[in-house]
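Data block below; observations after.
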Amino acid sequence: TDNAVGVALVLEYARVLSQYEFKHTLKFACWNREENGLIGSKNYAQAADNSGENIQLVINYDSAGFDPNDNYVLDILYNSQSSNIKDMAVDNIDKYEIPWSDVELNSHSCSSDHKAFWDRGFTAISSHQETHGSQYHTPNDTVDYVNTLYLKMNGQTYMTVMIQLAEIQ
């Protein structure tokens, strides 16, 4: 679940959204070495900052399909700069009737790849599950722990935001 499902979700976004034209550019990216100090995302965010790249939003998925007890609790991780994105996600959960049992706001303080972008002043948001579980960061973190409905709902929550911001033409 950490983090093959996040990569799978990004690839599915790219597959589905490649069928549309948008007013704004979408980039789909995955970072390496998150567990070793956010190395990939820090390097990308630094290069983007140094080159003046216009990044409007980073959506980070880390363990986006882990919900072994089927509780369907989503924790949205955001900062003051991404508060409007959090609001859009919460509004879209209601609007599109995405059936989370609960939506929490900043219940976890995980330092995943979104943090590298926050540190450089970019708008970023991340989702988090209710718990990590005992298999987290072990060889026992297998596909058996993936909750596909949780993953789908997680994807729907932020895909709606991405589509609104990118503006389908």
Side-chain angles (χ1 to χ4, degrees), residues 1-31 34 41 44-45 48 53-118 120-132 145-169:
T1 64
D2 184 16
N3 190 25
V5 294
V7 172
L9 190 53
V10 169
L11 293 173
E12 182 64 1
Y13 273 175
R15 184 190 71 78
V16 170
L17 296 178
S18 69
Q19 301 171 50
Y20 302 94
E21 291 189 28
F22 294 93
K23 182 177 177 181
H24 305 283
T25 301
L26 297 174
K27 286 187 179 182
F28 302 94
C30 299
W31 319 117
E34 182 255 356
S41 57
Y44 188 94
E53 187 172 344
N54 183 16
I55 298 175
Q56 294 297 307
L57 174 63
V58 173
I59 299 172
N60 182 60
Y61 284 108
D62 192 2
S63 300
F66 182 71
D67 186 31
N69 299 318
D70 298 333
N71 291 332
Y72 298 97
V73 174
L74 176 69
D75 184 17
I76 299 175
L77 305 180
Y78 69 100
N79 63 5
S80 59
Q81 187 170 342
S82 57
S83 181
N84 63 323
I85 305 300
K86 176 264 305 175
D87 292 342
M88 288 177 71
V90 169
D91 290 346
N92 287 347
I93 288 167
D94 291 336
K95 180 178 180 179
Y96 297 107
E97 300 177 355
I98 303 170
W100 295 109
S101 65
D102 192 21
V103 175
E104 298 178 349
L105 305 174
N106 286 332
S107 290
H108 294 85
S109 59
C110 292
S111 182
S112 190
D113 288 310
H114 63 284
K115 178 92 170 51
F117 292 90
W118 285 356
R120 290 286 179 165
F122 293 111
T123 301
I125 197 162
S126 189
S127 65
H128 200 282
Q129 67 279 358
E130 187 175 28
T131 181
H132 285 292
Y145 288 99
V146 175
N147 179 323
T148 55
L149 180 56
Y150 187 94
L151 180 61
K152 176 184 175 184
M153 291 164 52
N154 211 333
Q156 289 171 327
T157 297
Y158 293 106
M159 185 181 277
T160 61
V161 171
M162 194 180 334
I163 290 169
Q164 283 174 294
L165 293 174
E167 300 180 71
I168 290 180
Q169 293 193 50

Any chance you could lay out the side-chain contact (heavy atoms from CB on, under 4.5 Å) test for Gln164 and Asn92, step after step, and finish with the verdict? CA-CA 10 Å; Gln164 283 174 294; Asn92 287 347; 2.6 Å; yes
With side-chain contact (heavy atoms from CB on, under 4.5 Å) as the test, would you mind laying out the steps for Val7 and Leu11 before giving the verdict? CA-CA 6 Å; Val7 172; Leu11 293 173; 4.1 Å; yes
Audit row: Glu53, Arg120, salt bridge (Lys or Arg N to Asp or Glu O under 4.0 Å) steps and yes/no: CA-CA 12 Å; Glu53 187 172 344; Arg120 290 286 179 165; over 6 Å; no
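Asn147 places none of its side-chain heavy atoms less than 4.5 Å from the side chain of Pro68. The shortest side-chain heavy-atom distance between Glu34 and Asn3 does not fall under the 4.5 Å cut-off. The shortest side-chain heavy-atom distance between Leu17 and Met162 falls under the 4.5 Å cut-off. Residues Ile98 and Tyr72 fail the side-chain proximity criterion, which asks for heavy atoms closer than 4.5 Å. Between Gln129 and Asp67 the shortest side-chain heavy-atom distance does not fall below 4.5 Å. Side-chain contact between Tyr20 and Ile163 is absent, with no heavy-atom pair separated by less than 4.5 Å.
Asn79 places a side-chain N or O within 3.5 Å of a backbone atom of Gln81 that can act as its donor or acceptor partner. Remark: the backbone N or O of Phe22 is paired with a side-chain donor or acceptor of Gln169 at under 3.5 angstrom.
In this structure, Asp91 has no side chain to side chain donor-acceptor pair (under 3.5 Å) partners at least two apart in sequence or on a different chain. Checked against side chain to side chain contact (heavy atoms under 4.5 Å, CB included), Ser83 has the following partners two or more places apart in sequence or in another chain: Tyr78, Lys86, Asp87. Under the side chain to side chain donor-acceptor pair (under 3.5 Å) criterion, Ser107 pairs with Glu104, sequence neighbours left out. In this view, Asp94 satisfies the side chain to side chain contact (heavy atoms under 4.5 Å, CB included) rule with no residue, not counting sequence neighbours. Under the rule for a side chain to side chain donor-acceptor pair (under 3.5 Å), Asp102 has no partner lying at least two apart in sequence or in another chain. With sequence neighbours excluded, the residues forming a side chain to side chain contact (heavy atoms under 4.5 Å, CB included) with Val10 are Phe28, Cys30, listed by chain and number. Asp75 meets the side chain to side chain donor-acceptor pair (under 3.5 Å) test with His108; sequence neighbours excluded. A search for side chain to side chain contact (heavy atoms under 4.5 Å, CB included) contacts involving Ala8 returns nothing, not counting sequence neighbours. Taking Tyr44 as the reference, Trp31 meet the ring-ring contact (aromatic ring centres under 6.0 Å, His included) condition, with sequence neighbours excluded.
One distance of note links CE of Met153 with OG of Ser101; it measures 7.5 Å at 0.5 Å rounding. Atom CD1 of residue Ile76 and atom NE2 of residue His128 lie 13.0 Å apart, to the nearest 0.5 angstrom. The line from CG of Leu77 to CH2 of Trp118 is 6.0 Å long, rounded to the nearest 0.5 Å. Note that the CG atom of Leu149 and the CG atom of Asp70 stand 8.5 Å from one another [nearest 0.5 Å].
Residues Ser82 and Ile125 share a closest heavy-atom pair of O-CD1, 4.4 Å. Nearest heavy-atom pair, Val103 versus Ile93, reported as atom, atom and distance to 0.1 Å: CG2-CD1, 3.8 Å. Among all heavy-atom pairs drawn from Ala116 and Ser41, the shortest one is CB-OG, 3.4 Å. Between Tyr150 and Val73, the shortest heavy-atom distance links the atoms OH-O, 2.8 Å.
Under the salt bridge (charged side-chain N to carboxylate O under 4.0 Å, His left out) criterion, the residue pairs touching residues 2-26 are Glu12-Arg15, with sequence neighbours excluded. Sorted by first then second residue, the salt bridge (charged side-chain N to carboxylate O under 4.0 Å, His left out) pairs that include residues 107-118, not counting sequence neighbours, are Lys115-Asp119.
Atom CD of Glu167 is surrounded by more than 12 heavy atoms from other residues, nucleotides or ligands within 6.0 Å.
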Side-chain donor-acceptor distances from residues 55-66 under 3.5 Å, at least two apart:
residue : atom : partner : partner atom : Å
Gln56   : NE2  : Asn54   : OD1          : 2.4
Asn60   : ND2  : Ser112  : OG           : 3.1
Asn60   : ND2  : Ser126  : OG           : 3.1
Tyr61   : OH   : Tyr13   : OH           : 2.5
Tyr61   : OH   : Asn154  : O            : 3.1
Asp62   : OD2  : Ser112  : OG           : 2.9

